[in-house]
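For reference, the structure discussed in these notes is given below.
Reckoned from all heavy atoms, side chains included, excluding hydrogens, waters and symmetry mates.
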Amino acid sequence: MRPVRRAAALALPLALAAAFLAAPAQAAPEPVEAPAPGTCWDFTYEQAAKGTYAGTPVECTEPHTVETVITLEVPKAIAAKGNKSRDLVAWMDPQCQTEVNRYAGVADPETTAPGTRTWYFWFTPTQRDWKAGNHWVSCAAGSVPASMNKAPRTVPVTDSIANAPERTKARTFSTDAYGLGEFVARKPLTDIASRTYPGASGLQKIAWKFCKKSIGSDKYFWYGPSEKEWYQGWTAIRCYERVKKK
């Protein structure tokens, strides 16, 4: 009986080996390309904020709310942390805002705040496609209203957001503490983004110096990221010039 038992014991590994050799090799996943610059989309704010392209582009001569601006190739060390990581957000944020400002024709694209229609959105491949090696961020310009006191929303345009300085007027906000203000400048703190949250007192010196220089007077107020936002990668200081109600 022992030889029979040995033969039965060998049968399973041999069968598995044969099945393994017979299995066809899996094809490498197809690369997922970002939409080309100038591609137009009719997204609601909620659709755009999801962060992945969905649906079909529309002709830019038709009403649309979002325009693809540029694709950024993500460095390997940052890509390894995932498509929504703190490091990715901190790396992407200043670049997308600058590129969208430049696309819209803003004179000082690196520090100017999002204008009337220069709100930026960012998109990545899905988590599955990211894990398959597709490591890019797509920056897009969104058309939004001048006043943002209510829930964020997109508004359609029938021409391009590109090179449209008349659309970069500062957006206005009403606050309980400081009254009415125009969002004039922003400064992502990318050089200290990986550090522990500095708190309001830690941000204050940077904010006061930057906002006073950007606005040119003491008639301003500023906001910085919350602790939660900081650890998500959002580090920008935002400067508002005080304005009187008309």
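Residues forming a side chain to side chain donor-acceptor pair (under 3.5 Å) with D93 (at least two apart in sequence, or on another chain): Y120, R186. For T190, the side chain to side chain donor-acceptor pair (under 3.5 Å) test picks out no residue, with sequence neighbours left out. By the side chain to side chain donor-acceptor pair (under 3.5 Å) test, E241 is found to be paired with no residue, residues two or more places apart in sequence or in another chain being considered.
Between V74 and M92 there is no side-chain heavy-atom pair separated by less than 4.5 Å. Using a 4.5 Å cut-off on side-chain heavy atoms (C-beta onward), V157 and H64 make contact. Counting only heavy atoms from C-beta outward, the side chains of W41 and E67 never approach each other to under 4.5 Å. P145 is listed as a side-chain neighbour of R153, based on a closest heavy-atom distance under 4.5 Å. The closest side-chain heavy-atom distance from T71 to F123 is not below 4.5 Å. With a 4.5 Å cut-off on side-chain heavy atoms, T124 and S138 do not count as touching. I237 has its side chain within reach of L189: a pair of non-hydrogen atoms, C-beta onward, lies under 4.5 Å apart. Within the 4.5 Å cutoff, side-chain heavy atoms of I70 are placed close to those of C139.
Side-chain atoms of D129 never come within 3.5 Å of backbone atoms of N134 as a donor-acceptor pair (strictly under, hydrogens ignored). When atom types are taken as modelled, the side chain of N101 and the backbone of P114 share no donor-acceptor pair closer than 3.5 angstrom. R242 places no side-chain N or O within donor-acceptor distance of the main-chain N or O of L180, the cut-off being under 3.5 Å.
Connection of F221 to I215 is not established within any shared hydrophobic cluster, with ILVMFWY side chains joined at heavy-atom distances below 4.5 Å, either directly or through further cluster members. Both W130 and L72 belong to a single network of hydrophobic side chains, linked directly or stepwise wherever heavy atoms of I, L, V, M, F, W or Y lie under 4.5 Å apart. When the side chains of ILVMFWY residues are joined at heavy-atom separations under 4.5 Å, either directly or via intervening members, V69 and V137 end up in a single hydrophobic cluster. Taking hydrophobic clusters as Ile, Leu, Val, Met, Phe, Trp and Tyr residues chained together by side-chain heavy-atom distances below 4.5 Å, Y103 does not share a cluster with V106.
The two residues T39 and C60 come nearest to each other via the heavy atoms C-SG, 4.5 Å. Between T118 and A104, the shortest heavy-atom distance links the atoms CG2-CB, 3.0 Å. For the pair K84 and V89, the tightest heavy-atom approach, listed with the atom from each and the gap, is O-CG2, 4.4 Å. Between A200 and W222, the closest heavy-atom pair is O-CH2, 3.9 Å. Of all heavy-atom pairs spanning A236 and P225, the tightest one is O-CD, 3.5 Å. Residue W234 comes nearest to W122 through the heavy atom pair CH2-NE1, 3.7 Å, listed as atom of the first residue, atom of the second, then distance.
Among F43, Y53, Y45, the single residue meeting the ring-ring contact (aromatic ring centres under 6.0 Å, His included) criterion with F121 is Y45. Between C239 and the choices Y220, F210, F183, W208, the side chain to side chain contact (heavy atoms under 4.5 Å, CB included) rule is met once, by F210.
Applying the 6.0 Å contact sphere to CD of E110 captures no more than 12 heavy atoms from other residues, nucleotides or ligands.
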**OP:** In sequence, state the C-alpha distance, the side-chain angles, and the governing distance for Y240 and Y223, and then conclude on ring pair (Phe, Tyr, Trp, His ring centres under 6.0 Å).
**Re:** CA-CA 8 Å; Y240 298 81; Y223 284 101; 5.8 Å; yes
Subject >> Audit row: W91, Q95, side chain to side chain contact (heavy atoms under 4.5 Å, CB included) steps and yes/no >> reply: CA-CA 7 Å; W91 174 84; Q95 295 189 81; 3.0 Å; yes
